[in-house]
Amino acid sequence: MSTPSGFDELIHPSTRLSVVALLAATEWADFPFIRDSLSLSDSALSKQLHTLEEAGYLEIQKEGGGRKRRTKVRLTDRGRTAFEGHVAALRAIVEGAAKGPPPGSTPSSRSDTASAHARSGPAGRRGATGTETAPTGKEARR
């Protein structure tokens with residue numbers, strides 16, 4: 001399967017995807033709100049914000065000074081477009097997987113093995129002769 005149009009490698013890592021998804025739902029968000037919502041450290045969030053800002057996906061505003069300094073973050077139009085395209089690409093991947101393999105394609109041997117195991121049920125496995133064998137290891141403890 002090829003990667004669908006709109007899939008964004010920069011947004012895809014889970015932390016960045018979480019940041020962008022959170023910001024997509026609001027106009028501006030304060031740094032502490034983002035940090036606490038995603039359970040990130042200040043340094044981890046700063047690094048992700050910097051990466052996204054360099055790509056033009058975020059705008060960061062710093063207000064005030066000293067202990068009263070406040071950092072606000074928002075998605076740019078470019079960031080919002082990239083996020084929407086990435087979400088559409090992820091949906092296309094999931095929908096493609098749900099439809100199954102294209103007609104006429106041959107399942108891989110791994111799928112055949114999984115199917116054979118599923119048919120035999122949790123009680124045992126089919127041996128080379130097709131007869132059921134005794135459960136082993138974890139299967140015996142279920």
Side-chain angles (χ1 to χ4, degrees), residues 1-128 130 132-142:
M1 172 194 265
S2 64
T3 303
S5 170
F7 188 89
D8 192 314
E9 294 282 347
L10 185 73
I11 292 176
H12 191 66
S14 62
T15 301
R16 283 189 221 135
L17 183 57
S18 297
V19 168
V20 175
L22 182 66
L23 292 173
T26 186
E27 184 65 31
W28 287 92
D30 290 334
F31 185 95
F33 173 77
I34 301 167
R35 179 198 60 212
D36 296 345
S37 295
L38 303 178
S39 300
L40 295 172
S41 67
D42 286 358
S43 62
L45 178 56
S46 292
K47 180 179 178 182
Q48 301 307 324
L49 293 180
H50 179 72
T51 300
L52 291 163
E53 181 184 36
E54 279 186 333
Y57 290 179
L58 301 181
E59 178 183 344
I60 300 174
Q61 283 187 355
K62 297 183 186 261
E63 301 171 345
R67 294 186 58 75
K68 295 194 181 221
R69 188 167 199 173
R70 183 175 170 189
T71 302
K72 294 174 26 174
V73 183
R74 77 170 186 94
L75 274 182
T76 61
D77 290 340
R78 180 179 180 182
R80 191 168 301 278
T81 299
F83 174 67
E84 290 168 358
H86 189 69
V87 169
L90 292 174
R91 284 191 176 121
I93 291 169
V94 171
E95 288 169 4
K99 290 178 184 174
S105 67
T106 307
S108 71
S109 60
R110 185 174 188 169
S111 295
D112 292 342
T113 303
S115 295
H117 182 69
R119 284 190 304 271
S120 70
R125 297 180 299 204
R126 302 249 179 237
E132 191 141 325
T133 61
T136 60
K138 288 183 182 175
E139 295 170 322
R141 290 184 286 235
R142 286 189 197 164

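Put simply, OG on Ser18 and CG on Leu45 are 11.0 Å apart, with the number rounded to the nearest 0.5 Å. Residue Ser37 holds its OG atom at 10.0 Å from CG of Leu23, rounded to the nearest 0.5 Å. The line from OG1 of Thr26 to NZ of Lys72 is 10.0 Å long, rounded to the nearest 0.5 Å. How far CD of Glu9 is from OG1 of Thr3: 7.0 Å, rounded to the nearest 0.5 Å. Between the CD atom of Glu84 and the CG atom of Leu75 there is a distance of 9.0 Å, given to the nearest 0.5 Å.
Nearest heavy-atom pair across Ala89 and Pro4 is O-CG, 3.6 Å. For Gly56 against Thr76, the heavy-atom pair with the smallest separation is O-OG1, 2.6 Å. Among all heavy-atom pairs drawn from Val19 and Leu49, the shortest one is CG1-CD2, 3.9 Å. Scanning both residues, Asp8 and Leu10, for their nearest heavy atoms gives OD1-N, 2.8 Å.
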- prompt: Between Leu38 and Ile34, is a side chain to side chain contact (heavy atoms under 4.5 Å, CB included) present by the stated rule, with each step listed?
  reply: CA-CA 6 Å; Leu38 303 178; Ile34 301 167; 4.0 Å; yes
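The backbone N or O of Ala44 sits less than 3.5 Å from a side-chain atom of Ser41, completing a donor-acceptor pair. Using a distance-only test at 3.5 Å, with no hydrogens or angles considered, a donor-acceptor pair links the side chain of Thr51 to the main chain of Lys47. Distance alone, capped at 3.5 Å, is enough to place a donor-acceptor pair between the Arg80 side chain and the Ala24 backbone.
Residues meeting the side chain to side chain donor-acceptor pair (under 3.5 Å) test with Arg74, sequence neighbours left out: Glu59.
One finds no salt bridge joining Glu63 and Arg69 here, because no Lys/Arg side-chain nitrogen approaches an Asp/Glu carboxylate oxygen to under 4.0 Å.
The list of salt bridge (charged side-chain N to carboxylate O under 4.0 Å, His left out) pairs with a residue in residues 17-39, not counting sequence neighbours, reads Asp30-Arg70, Arg35-Asp42. A ring-ring contact (aromatic ring centres under 6.0 Å, His included) check over residues 10-41, counting only residues at least two apart or in different chains, returns the pairs Phe7-His12, His12-His86.
Defined by atom type and a distance below 3.5 Å, a donor-acceptor pair is missing between the side-chain atoms of Asp77 and Tyr57.
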